[in-house]
Amino acid sequence: MKLPQFDYQAPTSLIEAVALLMAGKGDARPLSGGQSILPVMAFRLAEPSLLVDLRNIPDLRAIEVSAAGVRIGAMVRWRDILDNAQLKDALPLLPEAVDHVAHYQVRNRGTIGGSLAHADPASEMPAVALALDAVIEVVGAKGARDIAAADLFTGSLSTSLSHDEIIVAVRFPAWPATRRYAFEEFARRRGDFALAGVATCYDVDAQGHAKNVRVSALSIADTPIRLKAAEAAIEGRAIDADAIKAASAAASAEVDPAGDIHASARYRKALVGTLLGRALTRAAARTAR
Amino acid sequence: MKPHHGAHTSNSYIGAHIERVEDYRFLRGEGKYLDDISREGQWHAAFARSQIAHGKIRSIDVSKALAMPGVRAVITAADIEGDIPTIPFRRPNPTIGPYAQPIIARDKVRYFGEPIAMILADSPELAEDALQGVVADIEQLPVMIDCKRAMEDKSLLFDVTGSNLASIFNADKGDVDAAFASADFIIRDQLSTQRQTALPMETRGLLAEWDAKNGKLTVSGAAKLPFFNRTTMAAMMNLPETAVDYIELDVGGGFGARGEFYPEDFLVAFGARKFDRPVKWIEDRREHLMAIGHSREASCDVELAFSKDGVMLGMRGDLFINIGAYVRPNGMTPVRNAAQFMSGPYRMPAIHIAAYACVTNKTPAGTYRGPGRYEGNFFIERLIDQAAAGLGVDRLEIRRRNLLTHEEMPYPLATVLPSDGRADTQCDSGDYRVCFDACVQEANWAEKSKLQGKLIDGRYHGIAIGCFIEGGASGPQENARMVLEKNGDISLFAGSSGIGQGIETILAQIAADYLEIPMERITVFHGSTNLLKKGWGSYGSRATVMGGSAVIDACKKLLALFRISAAKRLGVEPEAITIAEGVARLADGRSVPLAEVASDHLEVDGSFKNQTPTYTYGSAFAHVAVDPGTGHVDVVDYVVVDDVGRIINSMTLHGQVMGAAVQGFGSVFSEELIYNEEGQLLVGSLADYLIPTASDYPVVRCVSMEQFPSPTNPLGAKGAGEGGIIPVGGVVTNAVANALSSFGVQPKTLPLTPSRVWEMIEDARVRA
Ligand SMILES: Cc1cc2nc3c(=O)[nH]c(=O)nc-3n(C[C@H](O)[C@H](O)[C@H](O)COP(=O)(O)OP(=O)(O)OC[C@H]3O[C@@H](n4cnc5c(N)ncnc54)[C@H](O)[C@@H]3O)c2cc1C
């Protein structure tokens with residue numbers, strides 16, 4: 001559990017960083033908070049020859065709130081998100097979810113870009129990005145491009161990023177005033193990776209019905225997933241006890257989680273439904289802003 | 001000499017609430033642990049460990065590793081001349097001989113993680129890099145991970161023994177068949193506790209230095225048993241005992257596992273001697289989980305016999321303890337303890353328990369806080385709650401009726417054979433109903449009992465109470481050397497070792513009271529073999545009682561010398577002198593303070609011999625709330641009431657009890673060393689081995705009593721470091737069963753993970 005040998009560079013521009021990654025031909029990796037990559041290396045599960053630290057690159061740490069939505073720089077840390085007063089209104093699902101991420105020490109270093117790139121199916125951020133149709137801005141050897149959250153996660157710990165691409169920011173569409181939301185997860189201890197979790201939101205129309213229902217789940221498959229049957233079960237309905245029950249049942253029915261040393265498959269399947277039920281109950285009880 | 005009961009003089013440290021002296025160092029980051037020391041030119045060790053749980057070694061090729069940068073040497077079994085030494089037992093018995101662990105695997109590997117080679121390199125990183133260069137060709141043999149399967153299996157771990165059963169301990173008392181024949185009610189169940197480890201926060205570490213000129217070996221990183229390990233090392237190294245020193249630094253927790261003699265202890269020292277270089281090794285966490293002693297993997301098939309009004313008549317059955325691949329120095333203690341202590345604080349006239357110690361392809365087991373007692377307590381307390389339901393007797397009443405009383409003391413427990421030197425033992429003092437009644441009161445049982453099985457805000461509430469005894473003050477002896485320094489201060493050199501329990505404070509308190517001088521004038525040094533000729537250490541809840549009593553002896557001897565020195569100075573007979581508060585006085589007003597006789601070089605050796613254990617006893621109460629949706633169990637309230645004979649320091653005492661209780665919650669809910677069928681350990685970090693964290697169990701309340709001093713020692717104190725963990729499994733599980741009584745859930749297996757709790761509820765729902 002000691003780090004293998006590696007080289008370290010801390011370039012001061014994105015162009016330089018991309019050049020270093022390109023020269024590394026897949027053997028070089030970006031370094032942000034180091035809270036995932038360093039443990040992985042200590043366990044000798046990855047032995048990159050070069051870490052390209054993004055800390056000296058300007059402009060990766062901004063949180064910008066505008067009428068168009070929210071843009072969060074890749075090097076923004078969990079701590080910054082929780083401390084930011086604007087996000088509590090502009091993107092309230094995010095801080096609610098981040099409140100479940102790890103412990104103080106890890107939150108002081110772990111970043112949103114690192115989390116998206118690491119693509120741990122048990123982490124909160126990818127599920128939130130998926131639920132909210134986030135767009136991931138990346139820069140690589142071929143230039144800049146946007147990746148829809150739904151296209152980023154390709155498997156457990158794998159993404160559609162190429163080895164020379166760096167996430168620079170993540171954009172969220174504007175948050176409607178009529179939106180209800182909740183994030184629920186269950187972990188064995190506070191701060192642990194969840195056994196399962198759900199992020200949900202919907203907009204309430206004039207009749208009091210749910211529109212644009214989104215449900216995503218973490219720790220239930222290889223990637224964060226949308227629970228489309230659960231969404232369909234309540235789309236256009238008032239979120240009452242019956243609707244919640246239907247969504248809950250649909251969620252459990254549509255997932256096919258694996259068992260591991262922490263929990264059985266059967267348990268996780270039921271847990272997703274339970275958590276969605278609790279999330280929707282809380283969401284429905286929230287008053288409009 | 002000041003009387004030690006009741007009297008309050010200006011100097012009354014014993015019984016006070018005193019912050020730990022050592023905390024100033026720890027809280028300022030000034031503690032000195034093994035990894036804080038290094039030596040010029042030292043090499044670093046890393047261990048190549050078998051990834052195969054059971055196999056015949058065809059070859060081990062280390063040439064690639066040797067060629068790697070910074071690698072100085074690689075040791076394998078081929079470097080050991082003659083037979084591979086095995087690690088000696090601390091408590092031998094007639095059958096375990098062949099099961100001793102060789103210090104490195106030569107022909108066969110028997111568990112995942114068994115050392116097969118030691119790399120010595122210039123840095124720990126380079127040493128770890130070189131592990132990839134060790135190529136082991138091992139022919140797979142059938143793997144056994146289950147105790148009962150191993151007992152039946154034809155495939156043997158040790159061909160010479162013809163069996164996978166290392167030992168059977170029989171605990172007997174009275175006529176058990178007659179007891180069962182006369183019983184009105186019998187309850188029988190099969191229950192199990194899971195494999196765990198003690199998990200000290202500081203992993204193991206050693207620094208071995210060989211002084212070739214003087215033929216002397218110094219091993220830093222001692223804990224728990226420095227003197228026994230010195231003797232062991234000297235014998236294995238073929239050196240006189242005086243040529244080996246074990247040095248204790250600050251120790252980040254022991255809990256029964258750290259400080260036993262392990263294969264690495266020998267290998268690191270062997271490397272230092274062979275190459276005449278300091279060799280340092282710090283165990284990493286993944287390695288720790290697979291290499292340090294495991295414990296607690298036990299199951300039972302036991303029955304209890306009762307009269308119709310709930311009086312216990314007898315107990316019989318079998319215990320199966322999975323001790324892993326070898327019998328380590330203390331590997332049999334949990335096995336024999338589970339058999340002897342299962343009856344616990346209860347009056348049990350007839351007992352026959354057979355405890356089977358079976359070898360399997362898992363990490364060898366050893367002790368963990370409350371060894372065997374935690375397991376046995378879980379079994380009997382689960383049976384008692386079920387018996388209460390079956391008999392229609394109240395859960396409080398069934399316990400109260402069977403708890404031992406003052407009039408019955410001393411009360412003998414079952415005799416355990418084969419003897420490991422401790423076949424017979426007896427409860428020393430106490431009225432076990434006293435703590436029980438106090439616990440019922442403190443818990444507010446009358447009010448809380450209205451909650452039983454109730455669904456409130458989506459959670460089912462349940463309560464339970466359980467009772468325990470804790471064996472302490474392990475023999476045979478402890479020593480303390482005391483020196484009067486030039487400035488009149490006292491240096492106290494204790495044979496006990498410090499494993500985080502606060503002995504620098506406790507021993508200074510005791511010495512200060514007996515010498516009647518301020519505590520600040522006493523400095524305690526402990527745990528190293530170069531401090532005094534002989535000592536024992538810290539195990540079996542002994543340091544306060546055994547070490548403290550040795551300190552009293554030293555104080556008496558020092559005061560006697562002081563009297564003589566003072567008498568000489570004053571030109572009188574020693575009898576004419578009275579000593580109080582560090583000053584020798586004559587009736588005529590003349591006096592000599594302690595500091596003045598320092599030039600006489602006063603130095604004494606104190607000791608205390610005792611083979612009779614103390615038994616702290618107590619009761620614990622749990623109130624839990626179970627979320628049926630997630631299976632999460634919240635410990636809403638937890639109360640422990642114990643009688644420790646005599647409280648030396650209520651602050652350190654409650655630290656022990658509270659810490660042990662929380663450690664026990666980890667046992668009940670989350671910690672488990674899980675293996676797959678191939679015998680690979682699936683738990684590699686603290687993300688998988690879930691110990692309690694600071695925010696998990698906020699409510700633990702401790703009440704300590706000193707109603708019945710122990711007759712075994714001058715302090716009247718009883719060992720109190722382990723009791724807190726002993727009742728946790730039984731009482732918490734019974735509270736969960738109580739909460740889920742509407743489903744008829746009866747948990748049989750620990751840990752109660754959320755997944756398992758939910759499944760029990762779900763299965764009960766399906767059945768209904
Ligand atoms: C004890 C502990 C508990 C944790 N619990 C949780 C939890 O509950 N929930 C949770 O979500 N996470 C948890 N984490 C993970 C933590 O949140 C990580 O910090 C986060 O997932 C990764 O962020 P990072 O900045 O540390 O990334 P790093 O470790 O620096 O990098 C992670 C990966 O992403 C790549 N990378 C980093 N930045 C970029 C970028 N800008 N563009 C492209 N690739 C990049 C790296 O090359 C690497 O492969 C935990 C970690 C620890 C140590």
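Throughout, a chain's letter reflects where its sequence line sits, starting with A, and its residues are numbered from 1.
- Within the model, atoms CG of A/Leu195 and CH2 of B/Trp758 stand 12.5 Å from one another, a figure rounded to the nearest 0.5 Å.
- For the set A/His103, A/Arg190, A/His262, the count of heavy-atom pairs under 4.5 angstrom toward chain B peaks at A/His262.
- Contact annotation for A/Ile261: both backbone and side-chain heavy atoms come within less than 4.5 Å of a heavy atom of chain B.
- Around atom OH of A/Tyr104, no more than 12 heavy atoms belonging to other residues, nucleotides or ligands sit under 6.0 Å away.
- Annotation for B/Lys64: atom NZ does not count as buried by contact number, only 12 or fewer foreign heavy atoms lying within 6.0 Å.
- Around the CZ atom of A/Arg55, the shell of radius 6.0 Å holds no more than 12 heavy atoms that belong to other residues, nucleotides or ligands.
- A 4.5 Å side-chain heavy-atom check between A/Lys2 and B/His44 finds every atom pair outside the cut-off.
- Of all non-hydrogen atoms in B/Gly629 and A/Arg278, the two that sit nearest each other are CA-NH2, 3.8 Å.
- Residue contact with chain A, scored on non-hydrogen atoms closer than 4.5 Å, involves the side chain of B/Asp696 exclusively.
- Taking chain B as the reference chain and counting heavy-atom pairs below 4.5 Å, the highest number among A/Gly273, A/Ala270, A/Ser264, A/Ala263 is found for A/Ser264.
- A distance-only check finds a donor-acceptor pair linking the side chain of A/Arg189 to the backbone of B/Ile691 [under 3.5 Å].
- Counting heavy-atom pairs under 4.5 Å between each of B/Asn676, B/Asp688, B/Leu682 and chain A puts B/Asp688 at the top.
- When each of B/Arg285, B/Arg286, B/Gln132 is scored by its heavy-atom pairs under 4.5 Å with chain A, the top score falls to B/Arg286.
- Within the 4.5 angstrom heavy-atom criterion, only backbone atoms of B/Leu686 (N, CA, C, O) approach chain A.
- Both the backbone and the side chain of B/Leu690 come within less than 4.5 Å of a heavy atom in chain A.
- Contact annotation for A/Phe43: both backbone and side-chain heavy atoms come within less than 4.5 Å of a heavy atom of chain B.
- Atom CZ of A/Arg79 sits in a sparse spot, with 12 or fewer heavy atoms from other residues, nucleotides or ligands closer than 6.0 Å.
- For chain B, no part of A/Ala196 is nearby; none of its heavy atoms comes within less than 4.5 Å.
- More than 12 heavy atoms of other residues, nucleotides or ligands shown are found within 6.0 angstrom of CZ on A/Arg44.
- Interface remark: A/Arg268 contributes no atoms to any contact with chain B (heavy atom separation under 4.5 Å).
- Here the side chains of A/Met1 and B/Thr203 are not in contact, with every heavy-atom distance at 4.5 Å or above.
- Each of B/Glu672, B/Glu762, B/Glu125, B/Glu128 has some count of heavy-atom pairs under 4.5 Å with chain A, and the biggest count is that of B/Glu128.
- The neighbour count for B/Asp36 CG, taken as heavy atoms of other residues, nucleotides or ligands under 6.0 Å away, is above 12.
- Here the side chains of B/Thr753 and A/Arg188 are in contact, with some heavy-atom distance below 4.5 Å.
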